[in-house]
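Okay, structure first, notes after.
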Amino acid sequence: MGGSSSPCASCKLLRRRCTKDCIFAPYFPPNELHKFAIVHKVFGASNISKMLQELPIQQRADAVNSLVYEANARMRDPVYGCVGAISFLQNQISQLEMQIAIAQAEILCIQMQDDNNNNYNLSEIQIGNNDNNLQHEYISLLQIINNTN
């Protein structure tokens, strides 16, 4: 029972007697029934017990936190779980990086129009920290934008 008079969330949900050596008691306190319920629904009490028994005691709390996180993700997305959320965020990052690159290319285009009287050519444009590879990428992107406009 982990030192309390109330059974842990696992034993309460499974309607069994909570013993002092209950493997769930340290990680699923009586006031967090929902935490065990969702993990139990996704993984099953037997599987959770096996996983915890195979881990060193110092790693069990982290494992339980991971199981709770994954179970919540599986409830939202039964097929992909956490991987679906990670993929969504990676796609969002890629889209934002592209938007930043386009905005920077548009800034270069505006700078070129402003500096048109100075007869700059594309190879003379200085970008950021004078990184030649970055400069060539922006110039290429700028040329693509100019060709599509």
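Hydrophobic clustering (ILVMFWY, side-chain heavy atoms < 4.5 Å, transitive): I38 and L14 are in one cluster. Tracing side-chain contacts under 4.5 Å through hydrophobic residues (I, L, V, M, F, W, Y), one reaches L52 starting from I57; they form part of the same cluster. With hydrophobic clusters built from ILVMFWY side chains whose heavy atoms lie under 4.5 angstrom apart, I48 does not share a cluster with Y69.
Closest of all the heavy-atom pairs between K12 and P30 is NZ-O, 3.5 Å. Minimum interatomic distance between A45 and F24 (heavy atoms only, all atoms of both residues): O-CZ, 3.5 Å. Taking both residues in full, the closest heavy atoms of Y27 and K35 are given as O-NZ, 3.2 Å, listed atom of the first, atom of the second, then distance. Heavy-atom minimum distance, A9 versus P29: CB-O, 3.3 Å. Between A37 and L13, the shortest heavy-atom distance links the atoms CA-CD2, 3.8 Å.
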Under 3.5 Å donor-acceptor pairs involving side-chain atoms of residues 70-87, not counting sequence neighbours:
from, atom 1, to, atom 2, distance (Å)
E70, OE2, R74, NE, 2.8
N72, ND2, V68, O, 3.1
R74, NH1, P78, O, 3.1
R74, NH1, V79, O, 2.9
D77, OD1, V79, N, 3.4
D77, OD1, Y80, N, 3.3
S87, OG, V83, O, 3.0

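The distance from the CD atom of Q95 to the CD atom of Q92 is 7.0 Å, given to the nearest 0.5 Å. From F36, atom CZ reaches atom OG of S10 across 3.5 Å, with rounding to the nearest 0.5 Å. Atom-to-atom distance recorded for C8:SG and I23:CD1 is 11.0 Å, nearest 0.5 angstrom. With rounding to the nearest 0.5 angstrom, the NE2 atom of H34 is 10.5 Å from the CZ atom of F28.
Residue pairs meeting the side-chain hydrogen bond (donor to acceptor under 3.5 Å, both in side chains) criterion with at least one member in residues 56-66: none, sequence neighbours excluded.
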> Passes side-chain contact (heavy atoms from CB on, under 4.5 Å), S46 versus S49? Steps please.
Replying inline: CA-CA 5 Å; S46 177; S49 175; 5.7 Å; no

